[in-house]
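What follows is one structure encoded as structure tokens, with my remarks underneath.
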There are 2 protein chains.
Amino acid sequence: MDTQSIIDFFREKGHKVTSQRLAICKFILSRKDHPTAEQIYQKLRGEYPTISLGTIYKTLHLLEELGLIQELGFNERRVRYDPDMKLHINKVCSKCGKITDYKTENVEKFWSAIISDLKIKPKGQRIDLYYECDDCK
Amino acid sequence: MDTQSIIDFFREKGHKVTSQRLAICKFILSRKDHPTAEQIYQKLRGEYPTISLGTIYKTLHLLEELGLIQELGFNERRVRYDPDMKLHINKVCSKCGKITDYKTENVEKFWSAIISDLKIKPKGQRIDLYYECDDCK
DNA sequence: GTAACTGCAAACGCTTTGCACTCCC
DNA sequence: GGGAGTGCAAAGCGTTTGCAGTTAC
């Protein structure tokens, strides 16, 4: 999603476009490591010295409402934000907490088999696989 | 897991058996609705009027360490506790938050195909499927 | 007897909220 | 110009921690 598409998207949905909102949105959508609000804050306060955690949270909630990101509660206290709304597996290292996304055709195939078994309309999903990553072995 | 097995299990692992610990353990292991610490507290304080939330949390952490239960962070603030450590899908209503477990042979096949693709030793998993339950439709 | 466990209350830390100020549109 | 958005600080709230008293073994 490029900058102009994001701007158009907000306006279509009736939300104003501010530089903070745009920066948070561009940042989270480009990340694959499921950052926390604090990490986003630390990263953006260089360019936007007056940005506040409150604004980060409000923007993230807006993005979730609009269906652009997903909140993932892991068993740390903090929530992480995942910009990938499509079917994928979060490979989570149970020691260091590092998260890597994983996708294959097999995931798609087997998931759709399960969905059709269940006869329900899925609204989303979240699949975690816990393991020990190479660095922690 | 019956009462005697729980007692034996604690002793084998070198932990003392107290009436509080036993009650918490029996309660959570029998539940399929992934209760929160507060719900466990409210339920048990009838029989154990002096039991404290601190004890509930300490016991739940012990049970997790021992591999008897799993902590599930959903996007509420509270953590839920799931006594089913085996492969299953948490069907989560995205409106009311109700959770139902689901298991089939297809789920097993789905997961083992993915595991063998990935060539890693899984240490656990967590699969959520979000939908709208009948009551919320 | 003593080390582990409990209960209480205070501390913690992430997240939310309220409100005056600002800035898109 | 007006209402949505921001920034700040305080409040909220689930969870953790410390410690004195208690209990299992």
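Proteins come first, then strands; the chains are lettered A, B, ... in the order of their sequence lines, and each starts at number 1.
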Please report the distance, rounded to the nearest Å, between [atom1] in [X] and [atom2] in [N].
| X | N | atom1 | atom2 | result |
| --- | --- | --- | --- | --- |
| A/Arg45 | D/dG7 | CZ | C1' | 12 Å |
| B/Glu47 | C/dT6 | CD | C1' | 17 Å |
| B/Lys13 | C/dC5 | NZ | P | 15 Å |
| B/Leu60 | C/dC5 | CG | C1' | 15 Å |
| B/Ile6 | D/dA24 | CD1 | P | 17 Å |
| B/Leu62 | D/dT17 | CG | C1' | 17 Å |
| A/Ile56 | D/dG5 | CD1 | P | 16 Å |
| A/Arg21 | D/dG7 | CZ | P | 11 Å |

Check your understanding: What do you reckon, is CD of A/Glu108 surrounded by more than 12 foreign heavy atoms closer than 6.0 Å?
Key ->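 Counting neighbours around CD of A/Glu108, more than 12 heavy atoms of other residues, nucleotides or ligands fall under 6.0 Å, so yes.
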Check your understanding: Does CD belonging to A/Glu105 count more than 12 external heavy atoms closer than 6.0 Å?
Key ->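 Count not over threshold, so no.
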Review point. For A/Gln42 and A/Glu38, which heavy atoms make the closest approach, and how far apart are they?
Key: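 Heavy atoms only, the tightest pair is NE2-OE2, 2.7 Å.
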Point to revise | A/Ser5 side chain to A/Asp8 side chain, donor-acceptor N/O pair below 3.5 angstrom | key: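 No.
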Practice item. Answer with yes or no whether the side chains of B/Asp84 and B/His34 bring together a donor and an acceptor at under 3.5 Å. Key: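 No.
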Tell me whether [X] forms a cation-pi arrangement with [Y], defined as NZ or CZ under 6.0 Å from the six-membered ring centre and within 45 degrees of its axis.
| X | Y | value |
| --- | --- | --- |
| B/Arg21 | B/Tyr48 | no |
| B/Arg78 | B/Tyr57 | no |
| B/Lys121 | A/Tyr131 | no |

Review point. Would A/His15 and A/Leu66 count as a side-chain contact (heavy atoms from CB on, under 4.5 Å) if you check the C-alpha gap in whole Å, the side-chain angles of each, and the deciding distance to 0.1 Å?
Key: CA-CA 11 Å; A/His15 298 284; A/Leu66 297 175; 4.1 Å; yes
Review point. Given B/Pro83, which of B/Ile69, B/Leu63, B/Leu68 fulfils the side-chain contact (heavy atoms from CB on, under 4.5 Å) condition?
Key: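 Of the listed options, the one satisfying the test is B/Ile69.
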Revision key, fill the gap. Under a 4.0 Å heavy-atom criterion, the protein footprint on nucleotides 20-25 of chain C, written with B, S and -, is ----BS
Study note, to complete from the structure: Given protein heavy atoms under 4.0 Å, the one-letter contact record of nucleotides 7-17 of chain C, with B base, S sugar-phosphate only and - none, is simply BS---B-BSBB
Review point. Which angle, rounded to 10°, do you find between the first-five-pair axis and the last-five-pair axis of the helix from C/dG1-D/dC25 to C/dC25-D/dG1?
Key: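 The value is 40°.
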**Study point:** From CA spacing to verdict: side-chain contact (heavy atoms from CB on, under 4.5 Å), B/Glu71, B/Arg80
**Key:** CA-CA 6 Å; B/Glu71 294 189 352; B/Arg80 294 182 169 275; over 6 Å; no
